[in-house]
Colleague: 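Would you mind keeping the following structure in view while I ask a few things?
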There are 2 protein chains.
Amino acid sequence: MTASERRFKDAIYEQFARIGKAVSSPKRLELLDLLCQAERSVEALASAANLSTANTSQHLQVLRGARLVEAEKNGLHVIYRVAEPAVGEFFLVMRSLGQARLAEIEQISRDFFGGEKDFEAVGQQVLLERIREGEATLLDVRPAEEFLAGHLPGAISIPLPELRRRLEELPRDREVLAYCRGPYCVLSAEAVELLRAEGFAALRFEEGDPDRQLRGLPLAFGVAEAEPGKTGTIKTRF
Amino acid sequence: MTASERRFKDAIYEQFARIGKAVSSPKRLELLDLLCQAERSVEALASAANLSTANTSQHLQVLRGARLVEAEKNGLHVIYRVAEPAVGEFFLVMRSLGQARLAEIEQISRDFFGGEKDFEAVGQQVLLERIREGEATLLDVRPAEEFLAGHLPGAISIPLPELRRRLEELPRDREVLAYCRGPYCVLSAEAVELLRAEGFAALRFEEGDPDRQLRGLPLAFGVAEAEPGKTGTIKTRF
DNA sequence: GTAGTATTCAACCATTCAATTGATTACTGT
DNA sequence: ACAGTAATCAATTGAATGGTTGAATACTAC
């Protein structure tokens, strides 16, 4: 191998390593995960990930250095977002590789969620059909902004902190399927706990490995609006 | 957020970061790239990547720690291989993300290959059809072991070092399309140079972004065997 | 067993990295 | 202009990393 060939290879792999370095820190992965849900300000990211603002800013600049995220100045705030959908897809591939290869992940998950594996048995296709046929209510418990940035079709949005005082929006004669950011987000677990305590039949929709397909499936965007016919339930515009 | 939730998240993201750390070093990426072509001993990897054996061994152990590769002791040698196909797919997704987002990569590539972009215009589908119809010869110039571990269907194998003395195996009335490990491997570029000097019509098959699809397409494996009818040309068994 | 080879281990240095702290810049509303 | 807020920058700390070197281990061939 000539010296110039080696220089070329070194240069090329060093470039690709920029992406690897960007996703080699747990905190940056958490930030990236959040950004895959919706764009956010530095401050919002910092509080969501339990980091100092300065530290968050530095991590975001590493992510930006690898061109995974972009920043836009909006008045007093700087809004970060993933640079393009391919970034989210990469993140999901990486996550699913981790799920496939790292037994520790399932172990940690099981330890935390208590091995109940609440939901999991029902296939996602079946699930979505049941929701369309009105046998179940799909509930998105993430913050409203994330719902607005994209959600599963047919889902209604009640952010977890508002859930207790908005229970009457949920029909009591159907099962509630709560979902949030993915298999490692705890919002839906808390929602299910609360709903069950209130007498609902509630399951956690894990949105696990199939995140990809689900997000590939018809995703709904935009503003949610009240449906006049029903009891104040927020439904998505299709 | 409760303390236990935070611990859970930290633990989970730390696990995923293991994969990120594994692919955050240029050298490890080069090793992984080589392993995606075919399994190899530490020594073979070290010499292919211009590293000391000890250093290679350490990098491989990092990759193994992230469960991306597996090692098997075979007599005096330790053979490393990618743990499962999903690893190669992840690597390709990462590479294609880099190609999409990092302008530097195309720049470095152009600088090295001289901007000729030898091949690129012809779509891969078209290309493969032309090969099947006998209008072109598809030539794999990688080492024989890599060819045996998997190659494009219809390709014949002549490792670059043997090319000069095996030119008579290539029909002179057809175009030769040489390929190697991918868009950043220089073997095929050298092959094209040699072939053109010898009066062949030769193009480099870049196997760029579409690596995925190509590798997803019918890949041929196993032992190559001589075809009695033709002039000693090695063809793949289908 | 002995010699020789492939790999890993252990100790070491230089560099890089994550996170904290305090200062600085950029913008908004009054 | 001034105060207040969001974000970044700069400097520092301790920990982790990449790479080298030389010794130790595991296996093969004789």
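Quick note: numbers below take in every heavy atom, side chains included, and nothing from hydrogens, waters or symmetry partners. Keep in mind that what you see is a predicted model, and the values were worked out from it rather than measured. Below, chain A is the first sequence line, B the second, and so on; all start at residue 1.
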Colleague: Please determine, for the side chain of Leu76(A), which listed nucleotide (dG4(D), dC27(D), dA7(D)) has the closest atom?
Modeller: dG4(D)
Colleague: Quick one: is dT5(C) close enough that its OP1 or OP2 comes under 4.0 Å of any side-chain N or O from His77(B)?
Modeller: no
Colleague: Tell me if a side-chain donor or acceptor on Arg40(B) pairs with a main-chain N or O of Leu34(B) at a distance below 3.5 Å.
Modeller: yes
Colleague: How many whole angstroms separate atom CG of Leu63(A) from atom C1' of dA18(C)?
Modeller: 14 Å
Colleague: Nearest to the side chain of His59(A), heavy atoms from C-beta on, is which of dG19(D), dA18(C), dC17(C)?
Modeller: dA18(C)
Colleague: Is Arg28(A) near enough to dA18(C) that one of its side-chain N or O atoms lies under 4.0 angstrom from OP1 or OP2?
Modeller: yes
Colleague: Between dT7(C), dA7(D), dG19(D), which nucleotide gets closest to the side-chain atoms of Ser41(A)?
Modeller: dA7(D)
Colleague: Answer with base, sugar-phosphate or nothing: what part of the nucleic acid does Thr56(A) contact at a heavy-atom distance below 4.0 Å?
Modeller: nothing
Colleague: Picking from dT8(D), dA26(D), dA18(C), which would you name as closest to the side chain of Ser25(A)?
Modeller: dA18(C)
Colleague: Tell me the interatomic distance from Lys27(A), atom NZ, to dA15(D), atom P, rounded to whole angstroms.
Modeller: 18 Å
Colleague: For dT20(D), does either OP1 or OP2 sit under 4.0 Å from a side-chain N or O belonging to Ser52(B)?
Modeller: yes
Colleague: Between Leu60(B) (CG) and dA6(C) (P), how many Å, whole number?
Modeller: 16 Å
Colleague: Does the pair Arg67(A)/Glu84(A) count as a salt bridge with the N-to-O cut at 4.0 Å?
Modeller: no
Colleague: Where the side chain of Gln58(B) is concerned, which of dT7(C), dA10(C), dA19(C) is the nearest nucleotide?
Modeller: dA10(C)
Colleague: Hey, does the side chain of Tyr80(B) come within less than 4.0 Å of dA6(C)'s phosphate (OP1/OP2), counting only N and O?
Modeller: no
Colleague: Are Arg204(B) and Phe113(B) in a cation-pi setup, meaning NZ or CZ lies under 6.0 angstrom from the ring centre and within 45 degrees of the ring axis?
Modeller: yes
Colleague: When the distance from CD of Glu43(B) to P of dA26(D) is rounded to whole Å, what number comes out?
Modeller: 19 Å
Colleague: More 5' along DNA chain C: Gln61(B) or Val62(A), using each one's nearest nucleotide?
Modeller: Gln61(B)
Colleague: If you compare every side-chain N and O of Ser57(B) against the phosphate oxygens of dT7(C) (OP1, OP2), does one of them come in below 4.0 Å?
Modeller: no
Colleague: Could you tell me how far apart Glu14(A) (CD) and dT16(C) (P) are, to the nearest whole angstrom?
Modeller: 11 Å
Colleague: Under a 3.5 Å cutoff, is there a donor and acceptor pairing between the side chains of Ser47(B) and Glu43(B)?
Modeller: no
Colleague: Which nucleotide wins on minimum distance to the side chain of Ala54(A), given the candidates dT21(C), dG22(D), dA6(C)?
Modeller: dT21(C)
Colleague: What is the distance from NZ of Lys21(B) to C1' of dC17(C), rounded to the nearest Å?
Modeller: 11 Å
Colleague: Take atom CG of Asn74(B) and atom C1' of dT5(C), then tell me their distance rounded to the nearest Å.
Modeller: 15 Å
Colleague: Could you state the atom-to-atom distance from CZ of Arg18(B) to P of dT17(D) in whole Å?
Modeller: 12 Å
Colleague: Answer yes if the side chains of Gln15(B) and Arg18(B) hold a donor-acceptor pair under 3.5 Å, and no otherwise.
Modeller: yes
Colleague: From the set dA19(C), dC27(C), dT20(D), return the single nucleotide nearest to any side-chain atom of Lys73(A).
Modeller: dC27(C)
Colleague: Just by distance, with hydrogens left out, do Tyr184(A) and Glu30(A) show a side-chain donor and acceptor under 3.5 Å apart?
Modeller: no
